[in-house]
Each structure stands twice: as structure tokens, then as C-alpha cells.
Amino acid sequence: MLDRRLLREEPEKIRQALQKRGYEFDLDTLIATEAQRRELLQNVEALRAKRNKLSEQIAQAMREDSDTRVRKVQAAQIGEDLAGRQQELTQVEERFEQMMLDLPNIPLDEVPVGESEQDNVVMYEVGEQRKFDFTPKPHWEIGEQLGILDFEGAARMAGTRFVTDVGAGATLERALINFMLDTHTRKHGYTEVFPPYLANERSLFGTANLPKFEDDLFKTTDGYYLIPTAEVPLTNMHQGEILDADQLPIYYVAYTACFRREAGAAGKDTRGMVRVHQFHKVELMKFIKPGQGSAELEKLVKDAEVILQALELPYRRTQLCTGDMGFQPQQTFDLEVYCPGMDRWLEISSCSQYGDFQARRCNTRYRPQPQAKPEFVHTMNGSGVAAGRTLLAILENYQHESGTVVVPEVLRPYMGGLPEILPEMP
RNA sequence: GGAGAGGUGGCCGAGCGGCUGAAGGCGGUCGCCUGCUAAGCGACUAUGGGGGUAUAAGCUCCCAUCGAGGGUUCGAAUCCCUCCCUCUCCGCCA
């Protein structure tokens, strides 16, 4: 959510941002609604002030034992008037709030302007793409042949867009998760968090998954939502709190399952485990003081890159353009791993800074000085990284013609020293 | 799931129809005192919104907020209803 003051003071900034994003929004109506809201508010407050004054006089008169009937009638009349006005105000306020929630964040100036994925900027590539003297297979073939990915079984027990890791496949994904968590906690200074996989409505409003993106979410019959990413619980860790300045920055890392309906993705990535309803991810998240966003985001991206470098996977970093960026971020960098079996770059991490956009919704603030007014913190997060897609990338990058897969060096200690995954391995 | 207790400022905790936006304490900030430390003394110390003035801040007036929402009343932290959350005991359970 944006600061409502921006509406009055710098509406052009918002208008430009919307245009850069190619986002349809009726800004003029929003501005008019805000003006209307303020006018009604002044009205209501004036009436209330009047009534409060009368009430005070009644209290005074009662203490002096004098007559209060006339004033009581007057106050009651104001009360009636007030009720009507109040109702009007509530309606306008509701409409205003609703519209504010639909307003996307303002991209930073340095974000490239563009319409779609095509306009994203590749910043650099790291690592050599492996040469194969055979045609590399996609991960679903490798995984099924080795008996470590079971798509049919997953379809039976759950449905399409699910996968089940079996044997060395399950161990490999667990190894990846542990390796990532260990790296971020021990080397990068993140505090490990293991949060609930279900979140309440309020928390999803906090991260702006609601109200706009309800279709992407699974909802339980009890009104809980399955988290689409650990960003949701982590960002809401300090919902409503006022933090001390010396607590910041806070670095959290969490491993969670993530659940997405993929309602708008029918027919896209239907094979394999690229796009599934449940996947597993290690997420990095920071609460920081304003002004440190870009430096901290840069560090966060590098922390994620360390994982890919350690796994010796060839990847590239891109900066998303204004048109391809999500609703919430001011700026987003993606890390994409090259997957030779599918012959494509696959997004494996998405790192964004939000400014105070989420903090405002979550009402997470800090006190810059002991006596100072609280200010909103700034937030950012990124995958560090997605375990399922990393597993897939390992299968495709480390495959042999015989169908076996070499285990990356750094993961072997997490897999009982196993150097290579062979068929029918328990 | 059943029974009970409770949710008040950064924290603890009083108040249970009217100068109570809220006693007292802790914590914090500033000042004094002090050879250092500790102690002591004094002042200040909730948030959001709106108006005026100034537009760097500041100053000033008003409104709202004592878990959330509704009701009673001229007036609600205080009374009533609904919901949420926390704690204790019992039941169930990985």
C-alpha cells in the first residue's frame, strides 16, 4: 500500500508509475474519493466536537444540580445528524481503502521501462554451460528412469501438477534444503525460522497476495490460506510491532513448502516439476531501515548466488522491467539456471525490495531514535533458492548418457557420501 | 470439544458511566548532582487522522483509538451482545 499523502502531494509520481507498469487504474477517481473522504471527515469531526462539548456541559450542570434537559435534547439531535454523516463517511472510506489496496508499488527510477518479459535485462551470466556429446534429457525422463521422481503416483494420490520424490530423489531434495539453510545461517548471518504453512487472511493482505490474487491461493474450509511462499509468514512476523532501531536489520531464512493454485497457467509447463501446486523453497527475508534497500538487496541476491555457485550450476541474473514486475515490488532481480534437458533458462530465485509497501500493510514500524516517532521499516525477500527447481536443474546438468546423475560435491556430505545416483537406488 | 480466567501505553499494572488519553511502576531521553561507578533529584516520554499557522522542523486546535466489531446513553476503558486471541483445568491427539 502506498502512503495516502502521496496522492495529494505527488499524484504525478503515481500516474507515471502506473504508466511505466502499463497498469490500468482509475487514479482520478481515487483522488476524488480521497478529497470527498476528507471533506466528510471534517464534517463528522465538527459535529462530534460539538456534541462532546455539550456532554461536558451536561456533566458540569449535573455536578451543580441544575437542569440538563434542554442540552440533552440538543445533544441527541446532533447525534442523529452525526449518525447519517458517519454512515456516508464509512462508505466513502471503504471505497477509498479498497482502491488503495489495488494500487501497485512505484518502481525505482533505475528499473528498466518495458512491457513484458522480452524487455527484462540480462545483467550477467556465471558458469559454463556443460557440453554434452549426446542429447540431454529433460528431468522428467531422467527422474522416472532412475525411479526418483514419481509423477503418476503423485497424480493418483493428489492430482496433476504434483510430484513425489522417491528414494535418492527425496534425499537429494532434503540435502539441498539442508545445505541452503546451513549456508545462509552459518555463513550469511540469517536466523532460521520454521513457520506455519497456513496463514490467516490478514497476513495475506499484509504481503498483498490479497485482495488481488486470491485465485492463486488455496483456501481451507476454516478460512485459512496455504502459504504460496514463506514470504507470507516471515513478512508478518512483526505485524503491528514497533521495533527498536538496534534490532535492525533482521535477516530471516525459512524452509517451507509453498502452495499455488496456478489457476492462470493452464497448459503451461504441464510436464515435469517446473510448475507444481506444492513445491519446496528456502526463502530469505530482511527487515531493514529505510535507505539501505538497494545495498541490502544486492547482498541478498549474492547470498542466493552463492548456492548456485557452490552447486556449479550455470546461471544468469536478470533485472525485471516495469511491465514484468509484480504488483508489490519496487525492484526485482531474478536468477535463472540453464537447464539443458529442456533447453531453457529457468527462474530459480526472485529477489525483490518493497520499500514500505508491505510494512505499511503489516503495520511494522521501528523507532529511529528512542524518543522519535515510529517509521515504517522496509522489507525485501528472495528465494535462496527454490529446492524443487534446483533438483530439476541438477538432474539435467549432471546427467550422464547412461541415465545416471552425479551428485554435486557440496551435497555429498548431506547424502551419506553418495557420489552418483544410479537406477533403482533405495 | 467442555469449564473457568483474562486481553489497558515500549513493558508491567490500576481504573469498572462524566476534566481518565488514562494513577503508579519499569524502561527510555534530557538536565542537575557526582572524583569514577552506583544511587539521588527534576522535566519529558502512546498512535493514527484532520484543520490552522509555518512549510526544514516547530507551534496550535479538533477527532479517533484501552483485543475487533456492533448496541445502550447527552456521554463508554467502564454496562450489554457477537467475534478473535491468550492463559489454567478436563477431554482428545502426532
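In what follows, chains carry the letters A, B, and so on, assigned in the order in which the sequence lines appear, proteins first and then strands, with residues in each chain numbered from 1.
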Dump every N/O contact between nucleotides 53-55 of chain B and the protein below 3.5 Å, one line per pair.
none

#### Entry: T332(A): partners by side-chain hydrogen bond (donor to acceptor under 3.5 Å, both in side chains), with sequence neighbours left out
S352(A)
### Pairwise salt bridge (charged side-chain N to carboxylate O under 4.0 Å, His left out) hits with a residue in residues 97-115 of chain A, at least two apart
R4(A)-E97(A)
### Query
For R5(A), which residues count as a side-chain hydrogen bond (donor to acceptor under 3.5 Å, both in side chains) partner, sequence neighbours excluded?
none
For nucleotides 69-72 of chain B, list the nitrogen or oxygen atoms of the protein found under 3.5 Å from its nitrogen or oxygen atoms, one pair per line.
none

### Summary
side-chain hydrogen bond (donor to acceptor under 3.5 Å, both in side chains) filter on K50(A), not counting sequence neighbours, yields none
Interface polar pairs with nucleotides 44-47 of chain B, N/O, under 3.5 angstrom:
{"from": "U47(B)", "atom 1": "OP1", "to": "R367(A)", "atom 2": "NH1", "distance (Å)": "3.2"}
{"from": "U47(B)", "atom 1": "O3'", "to": "R365(A)", "atom 2": "NH1", "distance (Å)": "3.1"}

### Task
Heavy atoms under 4.0 Å is the rule here; annotate nucleotides 74-85 of chain B 5' to 3' with B where the base is hit, S where only the sugar-phosphate is, and - elsewhere.
BS----------
### Task
Please identify each residue that fulfils side-chain hydrogen bond (donor to acceptor under 3.5 Å, both in side chains) with Y366(A), with sequence neighbours left out.
none
## Note on the structure
Across all chains, not counting sequence neighbours, the side chain to side chain contact (heavy atoms under 4.5 Å, CB included) partners of F194(A) are Y197(A), Y255(A)
### Message
Test: ring pair (Phe, Tyr, Trp, His ring centres under 6.0 Å). Region: residues 158-182 of chain A. Which pairs qualify, not counting sequence neighbours?
### Response
F162(A)-H277(A)
### Task
Please list, chain by chain and in numerical order, all residues satisfying side chain to side chain contact (heavy atoms under 4.5 Å, CB included) with A83(A), sequence neighbours excluded.
none
